[in-house]
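Below is one structure, written out as structure tokens; the observations come after it.
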Amino acid sequence: MERRNNYELAARQAETLFLNYDQQAVIQSFSLEADADYIYLDFVAKPYRITRRTGALERGPVWTRAGFEEVLSVYDILCHSGKPPVLTGEWLLTGSLRGAASGPSALESPERAAWLAKNLDRIPAACRALGGIDGPGGDLAFVIPVFGSFSTLLRLWLPDDEFPAQLQFLWDQNALSFVHYETIFYIMIHVINRLEEEISQFKESQHGHLLC
């Protein structure tokens, strides 16, 4: 409970900090829709709005308070560089973004890759629900939009006789000029959670059809 409260506190602090920024400059820089009360944006194929008076971030279409990963991601995207990313088109593994290659993160664990591999038939629809389009490499790959032109490339390699399933997230070479390294992981958590939600909903709908 205390850990979750700490996350909620950090999210509220980020929302309050946003009030120190020039909102009109943010709106113009990212070509966002806005009115007197809200700033509107899309994040991982969902509509969001920022209450201009308080900085509170809500997710639509039924407006509910956004969670920790969403809040930290959105405000870093809007405030870190203050302008849209200049993309190179070159994809790098998460562990290579800082210039030194490292192994997969805990979010790209063999266990999660194995779970996705077992749900392979549901992954394309789940990725497309997140706005994904077919991507390069892997046995299955989708480019999933995060914000505007900024995307992540999800790759899944299926297991064989020698190697377990492997999950990879890749990012544009210039990603860290747009967001902090820590934010990459918040975005990954959110994308994974969204994928698992979509896959679970598909399972529930299939189960409902079987009962009919």
Side-chain angles (χ1 to χ4, degrees), residues 3-21 25-26 29-30 32 41-46 48 50 55 57 59 66-113 116 127 130-132 135-138 141-157 166-196:
R3 187 177 183 183
R4 174 48 54 187
N5 288 341
N6 288 339
Y7 285 153
E8 291 174 358
L9 178 61
R12 301 295 85 80
Q13 288 174 338
E15 292 174 338
T16 301
L17 184 62
F18 178 72
L19 299 177
N20 296 325
Y21 286 82
V26 170
S29 180
F30 293 98
L32 301 177
L41 62 134
D42 288 336
F43 176 64
V44 193
K46 284 281 189 181
Y48 287 76
I50 299 169
L57 180 69
R59 177 171 63 177
F68 170 80
E69 288 85 9
E70 297 159 288
V71 172
L72 271 291
S73 297
V74 166
Y75 285 123
D76 195 36
I77 287 169
L78 295 179
C79 302
H80 178 56
S81 68
K83 56 187 178 181
V86 177
L87 303 177
T88 67
E90 297 292 327
W91 295 104
L92 292 180
L93 293 169
T94 303
S96 300
L97 284 174
R98 285 180 163 176
S102 62
S105 70
L107 296 172
E108 301 162 302
S109 68
E111 293 78 15
R112 178 166 283 114
L116 289 172
C127 287
L130 272 62
F142 279 88
V143 176
I144 297 174
V146 175
F147 177 84
S149 62
F150 182 58
S151 301
T152 184
L153 170 58
L154 181 150
R155 283 179 180 165
L156 180 66
W157 302 86
Q166 185 178 3
L167 173 64
Q168 297 175 335
F169 279 88
L170 294 89
W171 311 84
D172 189 85
Q173 188 176 25
N174 276 352
L176 297 191
S177 67
F178 185 53
V179 295
H180 289 92
Y181 189 63
E182 293 78 6
T183 303
I184 292 293
F185 292 90
Y186 300 148
I187 295 170
M188 287 169 63
I189 291 170
H190 182 65
V191 169
I192 289 168
N193 288 341
R194 288 284 313 280
L195 285 174
E196 291 178 348

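When all heavy atoms of Pro145 and Gly132 are compared, the pair lying nearest together is CD-N, 4.0 Å. Scanning all heavy atoms of the two residues, the minimum distance from Phe18 to Val26 falls at CE1-CG2, 4.4 Å. Between Val71 and Ala11 the shortest heavy-atom distance is CG1-O, 3.5 Å. When all heavy atoms of Lys83 and Ser81 are compared, the closest pair comes out as O-OG, 3.0 Å.
The aromatic rings of Phe169 and Trp171 lie parallel to each other, their planes meeting at an angle below 30°, with 60° marking the opposite boundary. In this pair, His190 and Tyr48 present their aromatic rings perpendicular. The plane angle is above 60°, beyond the 30 to 60° band.
Going from atom CG of Leu19 over to atom OH of Tyr21 covers 11.5 Å, rounded to the nearest 0.5 Å. A distance of 4.5 Å separates CD1 of Ile144 from SG of Cys127, quoted to the nearest 0.5 Å. Note that NZ of Lys46 is 9.0 Å distant from CG of Leu130, once rounded to the nearest 0.5 Å. Of the inter-residue distances, the one linking Arg12 atom CZ with Leu57 atom CG reads 9.0 Å to the nearest 0.5 angstrom. Rounded to the nearest 0.5 angstrom, Glu182 CD and Ser73 OG are separated by 11.5 Å. Distance check, rounded to the nearest 0.5 Å: CG of Leu154 to CD of Glu108 gives 9.0 Å.
Between Phe147 and Phe43, the gap from one ring centroid to the other reaches at least 6.0 Å. Here Phe68 and Tyr186 bring their ring centres to under 6.0 angstrom of each other.
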Taking it one step at a time, do Thr94 and Met188 satisfy side chain to side chain contact (heavy atoms under 4.5 Å, CB included)? CA-CA 10 Å; Thr94 303; Met188 287 169 63; 3.8 Å; yes
Chi angles and distances behind the side chain to side chain contact (heavy atoms under 4.5 Å, CB included) call for Gln168, Trp157: CA-CA 8 Å; Gln168 297 175 335; Trp157 302 86; 3.3 Å; yes
Are Arg112 and Glu196 close enough, and set up right, to give a salt bridge (Lys or Arg N to Asp or Glu O under 4.0 Å), and what steps lead you there? CA-CA 10 Å; Arg112 178 166 283 114; Glu196 291 178 348; 3.8 Å; yes
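A heavy-atom distance below 4.5 Å is not found between the side chains of Leu41 and Ile77. The closest side-chain heavy-atom distance from Leu97 to Ile184 is below 4.5 Å. With contacts defined as side-chain heavy-atom distances shorter than 4.5 Å, the pair Ser177/Pro85 does not qualify. Looking only at side-chain heavy atoms (C-beta outward), Leu107 and Ile192 come within less than 4.5 Å of each other. Val191 is listed as a side-chain neighbour of Ile187, based on a closest heavy-atom distance under 4.5 Å. Side-chain contact between Leu87 and Ser149: present, with at least one pair of heavy atoms (C-beta onward) separated by less than 4.5 Å. Using a 4.5 Å heavy-atom threshold, the side chains of Ile50 and Leu78 count as touching. Between Leu9 and Gln13 there is a side-chain heavy-atom pair separated by less than 4.5 Å.
In terms of modelled atom types and a separation under 3.5 Å, the side chain of Arg155 and the main chain of Pro136 share a donor-acceptor contact. Although no hydrogens or angles enter the test, the distance criterion places no donor-acceptor pair under 3.5 Å between the side chain of Ser151 and the main chain of Val143.
Looking only at atom types and distance, the side chain of Glu15 has no donor-acceptor partner in the side chain of Tyr75 under 3.5 Å away.
In this structure Thr88 satisfies the side-chain contact (heavy atoms from CB on, under 4.5 Å) test together with Glu90, Asp172, Gln173, Asn174, sequence neighbours excluded.
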